[in-house]
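In what follows, a structure is listed as structure tokens, so that the remarks can point back to it.
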Amino acid sequence: MTQTPVRLPKDLLDFSHLSASGLEALLDTSIRMKAEKYRGLELAGQSVALVFEKPSLRTRTTLELAVVQLGGHALYLDQRQTGIGVREPVRDIARNLERWVAGIAARVYKHETVEAFAQHAKVPVINALSDKTHPLQALADLQTMREVFGKTGGLRFAYVGDGNNVLASLLEVAPLAGLEVRVATPKGYEPDAKLLKTAGAKFTYVPAEAVEGAQVVYTDVWTSMGQEEETAKRLCDFKGFEITNDLLDLAAPEAIFLHCLPAHYGEEVAEEVVYGPKSRVFDQAENRLHTAKAVLYHWLS
Ligand code: CP
Ligand code: NVA
């Protein structure tokens, strides 16, 4: 596969070093790979370590398949094997893994852990979700929007729910993708003010105000992995923030609904929305494979 080379930092921890043209090239690669059902040998004879402190269906599966479809071998290491910070420090794990593998994808509780992997490993490190960001998810989200609307520039994008890691990556990438962002969270769950500002996002505490006229309506769980102790409080604090068909009716007629999944029905979203005509969540999940493949192609090959 011949692709325009993209100038990239060693690691993909967030989007701070990505340009609009870099983003476009990544999405172009992913869209081509999807169309061609691409299989390659870019990682032939190489291994990639998938270091996961937290559970995962989509990220683990798609990264593992992406490695295999590029001819490589994926090595899944959960916390029982690595014992990050318990059995040995992250620096030592990084200094071991770099001797054996071509790259490391890490899903971690604390963002500092993935930063430490990047700092101490000579090989590229991909953030497979931290408490702060989830860049791989945002790439699949953008691909899904581009497939439906033919572009991302100028799309009216509404996020309703928790000001969490998934939203942070979407806010980071929004200016590169040209999204017009509106965000609604309950009081106390706002995203980082700087991210809102650089995204040029409009913020409100009223879900209907965010959703009105939007072409993309997005939500994520109210309680992220690692926040389970706060579940009861969050269920109270997020009352009125569920995406229902009534709320979705306020969006533009052509609007689509996205959710990174897993979904908690009757909490952040009604089941009939995820399985309704506006939902594109399973296309979005499929695109996790193609974008993971594009990321590995550009960062590791
Ligand atoms: N959306 C997402 O990252 O899903 P997993 O937690 O299953 O990987
Ligand atoms: N915000 C969620 C995303 C899961 C894909 C979490 O961090 O658990």
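Keep in mind that what you see is a predicted model, and the values were worked out from it rather than measured.
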- prompt: Given side chains that start at C-beta, do those of Glu172 and Leu195 come closer than 4.5 Å, heavy atoms only?
  reply: yes
- prompt: Do you reckon Val181 sits in the same ILVMFWY cluster as Leu23, going by side-chain contacts under 4.5 Å, direct or chained?
  reply: yes
message: Regarding Ser47 and His73, do their side chains bring together a donor and an acceptor under 3.5 Å, going by distance alone?
response: yes
message: Using the rule that Ile, Leu, Val, Met, Phe, Trp and Tyr join whenever any side-chain heavy atoms are under 4.5 Å apart, tell me whether Val273 and Leu247 fall into a single cluster.
response: yes
- prompt: Do you reckon Leu136 sits in the same ILVMFWY cluster as Ile104, going by side-chain contacts under 4.5 Å, direct or chained?
  reply: no
message: Restricting to non-hydrogen atoms, name the atom on Tyr265 and the atom on Glu271 that form the minimum distance, rounded to 0.1 Å.
response: CD2-CA, 3.5 Å
- request: Determine whether the aromatic ring centres of Tyr275 and Phe282 lie less than 6.0 Å apart.
  value: yes
field: salt_bridge(Asp162, Arg234) N-O dist < 4.0 Å
entry: yes
- request: Decide yes or no for Leu18 and Leu26: does some side-chain heavy atom of the first lie under 4.5 Å from some side-chain heavy atom of the second?
  value: yes
- request: Check whether any side-chain N or O of Glu53 sits under 3.5 Å from a backbone N or O of Tyr109 as a donor-acceptor pair, and report yes or no.
  value: yes
Donor-acceptor pairs under 3.5 Å, side chain of residues 144-158 to any protein atom, not counting sequence neighbours: which ones?
| from | atom 1 | to | atom 2 | distance (Å) |
| --- | --- | --- | --- | --- |
| Thr144 | OG1 | Ala140 | O | 2.7 |
| Thr144 | OG1 | Asn287 | ND2 | 3.0 |
| Arg146 | NH1 | Asp28 | OD1 | 3.4 |
| Arg146 | NH2 | Asp28 | OD1 | 2.5 |
| Glu147 | OE1 | Lys34 | NZ | 3.2 |
| Glu147 | OE1 | Asn287 | ND2 | 3.1 |
| Glu147 | OE2 | Lys34 | NZ | 2.9 |
| Glu147 | OE2 | Gln143 | NE2 | 3.0 |
| Thr152 | OG1 | Ala177 | O | 2.8 |
| Arg156 | NH1 | Gly213 | O | 2.9 |

- request: Please identify each residue that fulfils side-chain contact (heavy atoms from CB on, under 4.5 Å) with Pro124, with sequence neighbours left out.
  value: Trp299, Leu300
message: Could you tell me if the side chain of Gln215 sits less than 4.5 Å from the side chain of Ile256, heavy atoms only?
response: no
field: Exercise: do Thr204 and Arg182 side chains pair donor with acceptor under 3.5 Å
entry: no
query: Do Gln284 and His259 have side-chain N/O donor and acceptor atoms under 3.5 Å apart?
result: no
message: With a 3.5 Å distance limit and no angle check, can you tell me whether Glu190 reaches the backbone of Gly188 through a side-chain donor-acceptor pair?
response: yes
- prompt: Looking at the rings of Phe257 and Tyr218, which for Trp means the six-membered one, are their centres under 6.0 Å apart?
  reply: no
message: Determine whether a donor-acceptor pair (N or O, by modelled atom type, separation under 3.5 Å) exists between the side chain of Asn127 and the backbone of Leu13.
response: yes
- prompt: Side chains of Lys278 and Leu248: closer than 4.5 Å at any heavy-atom pair?
  reply: yes
field: Side-chain donor-acceptor contact under 3.5 Å, His290 with Glu286
entry: yes
- prompt: Taking it one step at a time, do Asp220 and Asn164 satisfy side chain to side chain donor-acceptor pair (under 3.5 Å)?
  reply: CA-CA 8 Å; Asp220 181 19; Asn164 64 15; 2.7 Å; yes
query: Should Thr185 and Pro191 count as side-chain neighbours, where that means a heavy-atom distance under 4.5 Å?
result: yes
- prompt: Tell me, do Glu98 and His120 make a side-chain contact under 4.5 Å, heavy atoms counted?
  reply: no
query: For atom CD of Glu212, is the number of surrounding heavy atoms from other residues, nucleotides or ligands below 6.0 Å larger than 12?
result: no
- request: Count the heavy atoms of every other residue, nucleotide or ligand shown that sit under 6.0 Å from CD of Glu229, and state whether that count exceeds 12.
  value: no
task: Verify the cluster assignment for Val281 and Leu57: are they in a single hydrophobic cluster under the rule of side-chain heavy atoms below 4.5 Å apart?
output: no
Val114 and His111: CA distance, side-chain angles, deciding distance, side chain to side chain contact (heavy atoms under 4.5 Å, CB included) verdict: CA-CA 5 Å; Val114 74; His111 193 72; 3.9 Å; yes
- request: Test Asp141 against Gln137 for side chain to side chain contact (heavy atoms under 4.5 Å, CB included), laying out the working first.
  value: CA-CA 6 Å; Asp141 303 342; Gln137 181 64 52; 2.7 Å; yes
query: Any side-chain donor paired with an acceptor under 3.5 Å for Arg87 and Thr82?
result: no
query: Is a donor on one side and an acceptor on the other found under 3.5 Å between the side chain of Thr223 and the backbone of Gln227?
result: no
Hydrophobic cluster identity match, Leu63 and Leu65, side-chain contacts under 4.5 Å: no
task: Using a 4.5 Å cut-off on heavy atoms from C-beta on, say whether the side chain of Asp92 contacts that of Arg95.
output: no
field: Which atom of Val221 lies closest to which atom of Pro262, heavy atoms considered
entry: CG1-O, 3.3 Å
- request: Nearest 0.5 Å please: distance from the CH2 atom of Trp222 over to the OH atom of Tyr189.
  value: 11.0 Å
task: Search all heavy atoms of Ala255 against all heavy atoms of Ala214 and return the closest pair with its distance.
output: CB-O, 3.4 Å
- prompt: Measuring from Leu8:CG to Lys10:NZ, what's the distance to the nearest 0.5 Å?
  reply: 13.0 Å
Backbone of Phe52 reached by a side-chain donor or acceptor of Gln79 within 3.5 Å: no
query: Going by heavy atoms in the side chains, are Leu296 and Val67 under 4.5 Å from each other?
result: yes
field: Under-4.0 Å salt bridge between Arg80 and Asp78
entry: yes
- request: Indicate yes or no for a side-chain donor-acceptor contact from Ser130 to the backbone of Lys132 under 3.5 Å, with no hydrogens or angles considered.
  value: yes
query: Checking side chain to side chain donor-acceptor pair (under 3.5 Å) for the pair Ser169/Asp14: CA distance, chi angles, key distance, verdict?
result: CA-CA 7 Å; Ser169 285; Asp14 53 38; over 6 Å; no
query: Can you tell me if Thr59 uses its side chain to pair, donor with acceptor, with the backbone of Ser56 under 3.5 Å?
result: no
field: Check: Glu242 side chain, Gly240 main-chain N or O, donor-acceptor pair, under 3.5 Å
entry: no
task: Take Val183 and Lys202 through the side chain to side chain contact (heavy atoms under 4.5 Å, CB included) test and state the conclusion after the steps.
output: CA-CA 6 Å; Val183 175; Lys202 289 202 177 115; over 6 Å; no
query: Is Lys187 close enough and on-axis enough to Tyr205, meaning under 6.0 Å and within 45°, for cation-pi?
result: yes
task: Give, for atom OG1 of Thr133 and atom CG of Leu171, the distance between the pair rounded to the nearest 0.5 Å.
output: 12.0 Å
task: Show your working on side chain to side chain contact (heavy atoms under 4.5 Å, CB included) between Leu70 and Arg39 and close with a plain yes or no.
output: CA-CA 6 Å; Leu70 293 177; Arg39 300 288 187 276; over 6 Å; no
- line: Rounded to the nearest 0.5 Å, the OG atom of Ser30 sits from the CG atom of Leu139 at a distance of 8.0 Å
message: Closer than 3.5 angstrom, by distance alone: can the side chain of Asp11 be matched with the main-chain N or O of Val125 as a donor-acceptor pair?
response: yes
message: Donor-acceptor check, side chain of Ser279 to backbone of Gly276, threshold 3.5 angstrom: yes or no?
response: no
